[in-house]
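Comments concern the structure below.
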Amino acid sequence: MDHAADPSHPRYRSLLMRHRLEVAAKKGMLADSALIAHGRGEAYDYLLGETTIPSADFATRVALETLASATHPVLSVNGNVVALAGDEMLRLAHKLDCPLEVNIFYRTPKRMEALLSDLNERNERLGIDVEILGANPDATIPGLKGPRAKCESKGILQADVLLVPLEDGDRCEALVAMGKTVIVIDLNPLSRSSRGGSITIVDELSRCLENMLEMNVGDSSSTKKYDHHQTLQAALDSIVEGMKSKFSEQKE
Ligand code: ATP
């Protein structure tokens, strides 16, 4: 998607992501609160130095291996995910040979239609044929009420490992309670999703997906085990260090 901002602008990537959200909002793909959720993420990314920290890189490798060795992996997408990284999510689903399911919090037929047709267009443009689920929900996630509980039995319901970027805390908890391995991508290490997920990658969505797409499956040379608490603590430490160094830069 083209954007007028100059690529040498220090905030180019951030401006590009905002532009993608503006375009998606115009197409009716987003809930009204989408830009607020994005803003919360941007603030954390600023403090993380807009970079993939080592603990996130490790969590990304663990997540890729976990998805690749799953029996029924599924990638769950909402409006912001499709807007910010629809191509990358489809390419990851293609790499893992698994379906992608549209699963949105504020579910309306119009938004579902806008998201499904955007994904179908992307699938075609990329020349891949990823199975896109979500149009025919025939199951519900136990413990959730209303339209946000809807899902497909051959997708989220039967999945053993789920990738849920930018997920709402309630739904993340409900999926974990179903016994699934839930992989979260969220810039806020303090969010309920980050804390409640099985594996959490504290990184910006599109950056994380680009990393995952570059990684080779089965290439994990590290023998280190994933430690959830340590991963979140490392992200918090990076944020605190980032704040300290930004402040001292200003004083000099
Ligand atoms: P929770 O319900 O999990 O406590 P929340 O209410 O803050 O969290 P939402 O507003 O539902 O969560 O979702 C937004 C979350 O997504 C925030 O935690 C935000 O930091 C994160 N986020 C937003 N944009 C991005 C992005 N581009 N990459 C990664 N994370 C992001």
Side-chain angles (χ1 to χ4, degrees), residues 1 3 11-25 29-53 55-57 59-60 63 75-89 92 102-107 111 115 141 143-149 162-177 180 182-213 228 231-232 234-236 238-240 242-243:
M1 212 170 283
H3 187 252
R11 305 244 73 76
Y12 174 73
R13 202 171 164 103
S14 159
L15 294 172
L16 182 69
M17 292 301 149
R18 288 182 182 186
H19 178 69
R20 288 185 181 176
L21 287 169
E22 284 167 24
V23 172
M29 287 161 48
L30 304 182
D32 292 344
S33 56
L35 300 184
I36 301 170
H38 184 72
R40 174 135 60 200
E42 273 195 345
Y44 281 100
D45 205 20
Y46 195 85
L47 296 172
L48 278 166
E50 293 168 329
T51 187
T52 301
I53 58 173
S55 57
D57 179 76
T60 305
L75 313 187
S76 168
V77 298
N78 61 23
N80 281 35
V81 175
V82 177
L84 293 170
D87 283 5
E88 290 79 2
M89 284 301 281
L92 182 63
V102 178
N103 187 243
I104 56 179
F105 192 93
Y106 300 106
R107 189 185 179 105
R111 271 191 73 211
L115 287 166
I141 301 168
L144 293 178
K145 289 200 186 104
R148 68 185 170 136
L162 275 164
L163 177 67
V164 291
L166 327 188
E167 183 55 284
D168 150 72
D170 281 350
R171 205 160 32 193
C172 178
E173 278 170 20
L175 294 167
V176 171
K180 298 180 187 303
V182 179
I183 301 168
V184 170
I185 305 173
D186 192 325
L187 278 158
N188 176 5
L190 297 170
S191 75
R192 284 178 307 149
S193 303
S194 285
R195 287 182 285 134
S198 322
I199 298 169
T200 294
I201 305 166
V202 182
D203 200 1
E204 198 280 323
L205 170 70
S206 60
R207 215 167 45 227
C208 169
L209 293 175
E210 279 165 20
N211 292 340
M212 256 194 208
L213 287 166
H228 193 55
T231 301
L232 298 183
L236 277 173
S238 291
I239 288 170
V240 172
M243 283 198 278

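Counting starts at 1 for both ligands and their atoms, in listed order.
Scanning all heavy atoms of the two residues, the minimum distance from Asp203 to Thr52 falls at OD2-OG1, 2.8 Å. Heavy-atom minimum distance, Tyr44 versus Leu187: CB-O, 3.4 Å.
The protein non-hydrogen atom at the shortest distance from atom 25 (C) of ligand 1 is Leu166 CD2, 3.6 Å. Closest protein heavy atom to atom 6 (O) of ligand 1: Arg40 NH2, 3.5 Å. With respect to atom 11 (O) of ligand 1, the closest heavy atom belonging to the protein is Asp168 CA, 4.0 Å. The protein atom (non-hydrogen) at minimum distance from atom 8 (O) of ligand 1 is Ser191 CB, 3.7 Å. Summary of contacts: the protein heavy atom closest to atom 28 (N) of ligand 1 is Leu205 N, 2.9 Å. At the top of the distance list for atom 27 (N) of ligand 1, counting protein heavy atoms only, stands Glu204 OE2, 2.9 Å. What sits closest to atom 9 (P) of ligand 1 on the protein, heavy atoms only, is Ala37 CB, 4.6 Å.
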Step by step, would you call Ser55 with Val202 a side-chain contact (heavy atoms from CB on, under 4.5 Å)?
CA-CA 8 Å; Ser55 57; Val202 182; over 6 Å; no

I'd like to know whether Arg171 forms a side-chain contact (heavy atoms from CB on, under 4.5 Å) with Ser76, so could you lay out the CA-CA distance, the side-chain angles of the two residues, the decisive distance to 0.1 Å, and finally the verdict.
CA-CA 11 Å; Arg171 205 160 32 193; Ser76 168; over 6 Å; no

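Ligand 1 places these atoms under 4.0 Å from at least one heavy atom of Asn188: 18 (O), 20 (O). Each of the following atoms of ligand 1 lies closer than 4.0 Å to a heavy atom of Leu84: 27 (N). Of all atoms in ligand 1, listed by their number and element, those nearer than 4.0 Å to a heavy atom of Ser193 are 3 (O).
Going from atom CG of Asp45 over to atom CD1 of Ile239 covers 9.5 Å, rounded to the nearest 0.5 Å. To the nearest 0.5 angstrom, Arg18 atom CZ is 9.0 Å from Glu22 atom CD.
Here the side chain of Asp170 pairs no donor or acceptor atom with the backbone of Leu144 at under 3.5 angstrom.
Comparing Leu187, Asp186, Ile201 against atom 15 (C) of ligand 1, the shortest heavy-atom distance belongs to Asp186.
At least one N or O atom of Arg192, backbone or side chain, sits closer than 3.5 Å to an N or O atom of ligand 1.
The backbone of Asp203, and not its side chain, has at least one atom closer than 4.0 Å to an atom of ligand 1 (non-hydrogen atoms only; backbone = N, CA, C, O).
Test Asn103, Val82, Ile104, Leu163 against Val77 for side chain to side chain contact (heavy atoms under 4.5 Å, CB included) and you get one pass: Val82.
Note that atom 2 (O) of ligand 1 has protein non-hydrogen atoms nearby, at separations under 4.0 angstrom.
With salt bridges taken as basic N to acidic carboxylate O contacts below 4.0 Å, one links Arg11 and Glu50.
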